[in-house]
2 protein chains.
Amino acid sequence: MDTLAATETFRDYLSRYITYTDEEWAIASKGFVFSTLKKKAYFAEVGKVSNELGFIYKGSARYLHIRNGEEITNYFTFAPDFISAYKSFLRREPGHNYIQMLEDSELVIVTHKHWHFMLEHPQLAHKTERLGRLIAEHYLCCYDDRVASFVTKSPEERYLELLDEGKEVIQRIPQHYIANFLGITPVSLSRIRRRILA
Amino acid sequence: MDTLAATETFRDYLSRYITYTDEEWAIASKGFVFSTLKKKAYFAEVGKVSNELGFIYKGSARYLHIRNGEEITNYFTFAPDFISAYKSFLRREPGHNYIQMLEDSELVIVTHKHWHFMLEHPQLAHKTERLGRLIAEHYLCCYDDRVASFVTKSPEERYLELLDEGKEVIQRIPQHYIANFLGITPVSLSRIRRRILA
DNA sequence: TTAAAACGTTAACAAAAGATAAGAAAAACA
DNA sequence: TGTTTTTCTTATCTTTTGTTAACGTTTTAA
């Protein structure tokens with residue numbers, strides 16, 4: 001996909017939150033950067049301040065921690081979606097997790113500098129503030145669901161729930177990543193699967 | 001506390017996110033409503049669209065679900081803080097949880113209508129959008145931590161973590177609520193406590 | 001293409017959690 | 001104050017999960 005098409009895909013994705021006029025979009029998109037990341041490459045790393053907000057229009061990624069020397073996969077993202085070490089990006093602090101590509105991927109990058117340019121540019125500021133608010137609100141609601149499922153459901157129920165929604169996740173992701181995502185061990189997930197099939 | 005003092009407490013709390021000028025604040029605060037809720041009263045209920053964003057300046061509350069006929073406490077809030085059925089408030093959908101006061105409480109209420117008045121008023125719009133964004137971002141980061149603790153830590157570790165941070169929670173909240181919050185049963189929390197003391 | 005690494009399942013045992021019930025202590029309240 | 005309700009702990013038993021290790025299969029990469 002060329003950069004123009006990528007930019008349009010991004011614009012189209014954003015339209016669920018906000019619609020910039022052509023003129024506004026011309027100003028905003030001038031600052032976008034395009035990036036290709038190979039499978040296993042890192043978009044964000046522990047200990048580094050993430051200066052980039054990414055829009056992944058091709059590919060996928062996983063979020064992971066290292067815990068007692070072991071990788072624990074936290075979350076997945078599939079194109080088209082945002083990809084970001086929010087906390088690090090927003091607070092300008094060193095991050096606590098890695099973001100690694102699951103396949104060769106292509107992204108539109110909004111640097112921290114450009115994001116703030118958009119937040120301060122007279123013509124873009126208001127819509128950009130709203131965009132930022134709506135995006136944060138959207139993910140807030142997602143997190144709310146996720147926490148609720150940890151609090152009110154058993155691992156088996158969480159897995160069944162995932163089967164219902166996350167068709168893509170189930171088919172494209174190694175099972176031990178999914179186990180981590182559910183907060184259990186890979187061995188335990190394997191047993192749950194056997195239990196369900198029986 | 002009288003309504004003027006309450007309004008000032010609210011303004012002071014908001015100053016961590018944004019500072020309205022006196023003139024702006026005069027416009028904004030005109031629409032605030034004041035509410036007193038007794039212990040056990042509900043701020044939000046399942047099945048009802050929440051039309052109110054609350055700022056609790058005195059008191060505390062818990063968020064809870066009903067699951068198989070049993071209450072499951074999800075979260076706690078202590079003054080001063082926001083209190084809101086976000087998902088319901090933001091999306092105008094019937095809510096999936098209750099918010100119940102843990103003690104007699106006093107709140108500043110921003111109705112959905114007034115919030116949108118603030119988002120659209122020429123003098124307030126920009127700061128209000130930013131306020132909304134910063135609040136959402138703040139809670140997003142909180143949720144991120146909470147999910148990470150479910151994914152990477154055992155119930156016992158989550159409890160120890162809570163002991164470190166949440167002094168208030170530990171002392172003022174019944175233990176079976178805390179057990180719910182940690183995603184385990186009250187019996188299990190009791191055993192964890194014995195294990196730790198030994 | 002071949003060697004190495006990663007993946008998923010299963011087994012065996014230990015540790016922890018869920019469910020249920022009983023009883024004591026504390027808190028609510030009338 | 002006295003009674004009821006709530007809260008917390010403990011015990012027993014069952015179920016589930018964690019841990020470690022083994023094995024066959026698939027994928028990766030040299």
Side-chain angles (χ1 to χ4, degrees), chain A residues 37-41 59-60 62 64-73 76 98 100-105 149-163 169-198, chain B residues 38-41 59-60 62 64-73 76 100-105 149-163 169-198:
Chain A
L37 290 174
K38 291 215 165 160
K39 183 172 178 174
K40 295 199 176 172
S60 55
R62 66 176 179 134
L64 63 122
H65 292 256
I66 304 280
R67 170 100 173 141
N68 303 330
E70 301 235 319
E71 293 186 353
I72 297 185
T73 299
F76 311 102
Y98 297 90
Q100 185 188 48
M101 297 301 133
L102 289 166
E103 40 192 335
D104 293 352
S105 301
S149 91
F150 275 111
V151 170
T152 67
K153 292 178 182 167
S154 67
E156 181 165 331
E157 288 171 313
R158 286 203 293 283
Y159 179 63
L160 289 169
E161 178 186 49
L162 190 64
L163 285 181
V169 177
I170 299 301
Q171 276 150 22
R172 287 168 60 179
I173 298 295
Q175 240 135 66
H176 63 291
Y177 292 173
I178 293 173
N180 290 165
F181 175 83
L182 296 172
I184 58 178
T185 61
V187 177
S188 190
L189 178 56
S190 186
R191 283 187 289 227
I192 286 170
R193 285 161 53 80
R194 177 159 42 97
R195 220 183 292 153
I196 288 169
L197 290 177
Chain B
K38 292 217 165 158
K39 183 172 179 171
K40 294 197 178 173
S60 54
R62 66 175 177 133
L64 64 122
H65 293 256
I66 304 279
R67 169 101 174 142
N68 303 329
E70 300 236 320
E71 294 186 353
I72 298 185
T73 299
F76 312 102
Q100 187 190 44
M101 297 301 134
L102 289 166
E103 40 192 334
D104 293 353
S105 302
S149 91
F150 274 112
V151 170
T152 67
K153 292 179 182 166
S154 67
E156 182 165 332
E157 289 171 311
R158 287 202 292 282
Y159 179 63
L160 289 169
E161 178 186 51
L162 190 65
L163 284 182
V169 178
I170 300 301
Q171 275 150 23
R172 288 167 61 180
I173 299 295
Q175 239 136 66
H176 62 290
Y177 291 175
I178 293 173
N180 291 164
F181 175 82
L182 296 172
I184 58 179
T185 61
V187 177
S188 189
L189 177 57
S190 186
R191 283 187 290 227
I192 286 171
R193 285 161 52 78
R194 176 158 42 95
R195 221 182 292 154
I196 288 169
L197 291 175

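Please read these numbers as outputs of a predicted model, since none were measured by experiment. All values below come from the heavy atoms of this structure, side chains included, with hydrogens, waters and symmetry mates left out. Reminder, nothing fancy here: chain letters follow the sequence lines and each chain counts from 1.
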What one-letter contact string describes nucleotides 16-23 of chain C from 5' to 3', where B marks a base within less than 4.0 Å of any protein heavy atom, S marks contact via sugar-phosphate atoms alone, and - marks no contact? SBBBB---
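- Closest approach of B:I173 and B:L102 over heavy atoms only: CD1-CD1, 3.4 Å.
- Across all non-hydrogen atoms, the minimal contact from B:L189 to B:L182 is CD1-CD1, 4.1 Å.
- Comparing A:K39 and B:Y177 along DNA chain D, the residue whose closest nucleotide (by nearest heavy atom) sits nearer the 5' end is B:Y177.
- Using a 4.5 Å heavy-atom threshold, the side chains of A:F181 and A:L162 count as touching.
- When A:R62, A:H65, A:Q100 are each tested for a side chain to side chain donor-acceptor pair (under 3.5 Å) with A:E71, only one passes: A:R62.
- Take B:H176 and apply the side chain to side chain contact (heavy atoms under 4.5 Å, CB included) test, not counting sequence neighbours, and it matches B:P174, B:P186.
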Enumerate, atom names and distances included, each donor-acceptor pair closer than 3.5 Å involving a side-chain atom of residues 190-198 of chain B, sequence neighbours excluded.
| from | atom 1 | to | atom 2 | distance (Å) |
| --- | --- | --- | --- | --- |
| B:R193 | NE | B:Q175 | OE1 | 3.0 |
| B:R193 | NH1 | B:Y159 | OH | 3.0 |
| B:R195 | NH1 | B:E156 | OE1 | 2.6 |

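- Reading DNA chain D from its 5' end, the first and the last nucleotide to sit under 4.0 Å from a heavy atom of chain B are D:dT7 to D:dT12.
- In this structure, the salt bridge (charged side-chain N to carboxylate O under 4.0 Å, His left out) partners of B:K153, at least two apart in sequence or on a different chain, are B:E161.
- Fit an axis to the five pairs at each end of the helix from C:dT1-D:dA30 to C:dA30-D:dT1 and the two axes sit 60° apart, to the nearest 10 degrees.
- Straight-line distance from the CD1 atom of A:I170 to the C1' atom of C:dC7: 16 Å, rounded to whole Å.
- The distance between atom NE2 of A:H176 and atom P of C:dT10, rounded to the nearest whole Å, is 18 Å.
- With respect to A:E103, the salt bridge (charged side-chain N to carboxylate O under 4.0 Å, His left out) criterion is satisfied by exactly one of A:K40, A:K39, A:R172: A:R172.
- Here the shortest heavy-atom pairing between A:V151 and B:T73 reads CG1-O, 4.2 Å.
- Looking only at side-chain heavy atoms (C-beta outward), B:Y177 and B:V169 stay at 4.5 Å or farther from each other.
- Here the C1' atom of nucleotide C:dG8 and the CD1 atom of A:I173 are 15 Å apart, to the nearest Å.
- Residue B:S60 comes nearest to B:S105 through the heavy atom pair N-OG, 3.3 Å, listed as atom of the first residue, atom of the second, then distance.
- Under 4.0 angstrom from either OP1 or OP2 of C:dG8 there lies no side-chain N or O belonging to A:R193.
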